[in-house]
Amino acid sequence: KWILKVGRKLGDETEAQKAKWQERFNQLVEFKRKYEHCDVPQGFKENPGLGRWVSTQRAARKTDIMSDERVNALDGIGFKWKAKTGPKRK
């Protein structure tokens with residue numbers, strides 16, 4: 001959690017980091033097109049990094065380090081800011 005708080009501000013991102021965010025966003029759009037939702041499971045076998053990225057986006061917004069532009073982009077595709085939780089494991 002502390003990593004996000006002391007991490008770079010959005011304006012400090014490199015072009016490569018901005019491009020990587022856009023690439024993951026595009027992957028999420030494709031996921032939604034295929035599955036009709038944005039709830040990518042953490043263990044999504046087709047693209048394991050996408051599930052981690054989705055979780056990171058939720059954390060970034062919660063700690064208020066995400067730009068309004070990115071929040072609006074994710075809202076625009078129906079992104080849910082609270083993760084769905086499956087059945088509890090014993």
Side-chain angles (χ1 to χ4, degrees):
K1 197 168 183 178
W2 64 270
I3 294 171
L4 289 174
K5 288 184 178 179
V6 298
R8 290 186 214 127
K9 297 281 186 201
L10 188 62
D12 294 337
E13 278 187 322
T14 65
E15 288 304 314
Q17 289 167 320
K18 290 176 186 176
K20 186 65 175 173
W21 191 93
Q22 189 62 51
E23 178 184 342
R24 288 289 191 204
F25 178 79
N26 292 341
Q27 291 170 0
L28 182 59
V29 169
E30 287 302 313
F31 179 93
K32 180 167 184 183
R33 196 175 317 218
K34 185 173 183 179
Y35 298 102
E36 299 181 355
H37 64 80
C38 296
D39 299 320
V40 183
Q42 285 286 325
F44 184 53
K45 290 183 182 180
E46 287 180 43
N47 187 345
L50 186 59
R52 288 188 300 272
W53 182 83
V54 163
S55 178
T56 300
Q57 301 316 295
R58 290 184 175 119
R61 183 170 187 217
K62 190 182 284 187
T63 57
D64 206 27
I65 62 170
M66 181 178 282
S67 73
D68 291 342
E69 180 181 10
R70 288 182 177 177
V71 170
N72 291 337
L74 289 164
D75 282 344
I77 62 168
F79 187 79
K80 303 296 182 212
W81 293 103
K82 283 194 129 191
K84 281 187 173 183
T85 54
K88 300 274 186 210
R89 293 185 188 181
K90 293 183 178 180

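On a predicted model such as this, the values are computed, not experimentally measured, just so you know. Because only heavy atoms are used, hydrogens play no part in the values below, and waters and symmetry mates are left out as well, while side chains stay in.
The residue from Arg58, Lys32, Lys82 that alone fulfils the salt bridge (charged side-chain N to carboxylate O under 4.0 Å, His left out) condition with Asp39 is Arg58.
Atom NZ of Lys20 is separated from atom CD of Glu15 by 15.5 Å, given to the nearest 0.5 angstrom. The CH2 atom of Trp21 lies 12.5 Å from the OG1 atom of Thr56; values are rounded to the nearest 0.5 Å.
Remark: the Trp81 side chain and the Gln57 side chain contain no N/O donor-acceptor pair separated by less than 3.5 Å.
For the pair Trp53/Val40, no side-chain contact is recorded, criterion being any heavy-atom separation below 4.5 Å from C-beta on. Taking the side chain as every heavy atom from C-beta outward, Leu28 and Leu74 approach each other to under 4.5 Å.
The two residues Phe31 and Pro41 make their nearest non-hydrogen contact at CZ-CD, 4.2 Å. Summarising the geometry of Gln42 relative to Ser55, their closest heavy-atom pair is NE2-CB, 3.1 Å, with the distance given to 0.1 Å.
Under the 4.0 Å criterion applied to side-chain N and carboxylate O atoms, Lys34 and Glu46 are assigned as salt-bridge partners. Taking 4.0 Å as the cut-off between side-chain N and carboxylate O, Glu30 and Arg24 do not count as a salt-bridged pair.
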Next on the checklist: Walk me through whether Phe44 and Tyr35 qualify under side-chain contact (heavy atoms from CB on, under 4.5 Å).
Outcome noted: CA-CA 12 Å; Phe44 184 53; Tyr35 298 102; 3.9 Å; yes

Next on the checklist: Let's go through Arg70 and Glu13 carefully: what are the C-alpha distance in whole Å and the side-chain angles of both, what is the deciding distance for salt bridge (charged side-chain N to carboxylate O under 4.0 Å, His left out) to 0.1 Å, and is it a yes or a no?
Outcome noted: CA-CA 13 Å; Arg70 288 182 177 177; Glu13 278 187 322; 2.8 Å; yes

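A distance-only check finds no donor-acceptor pair linking the side chain of Lys80 to the backbone of Cys38 [under 3.5 Å].
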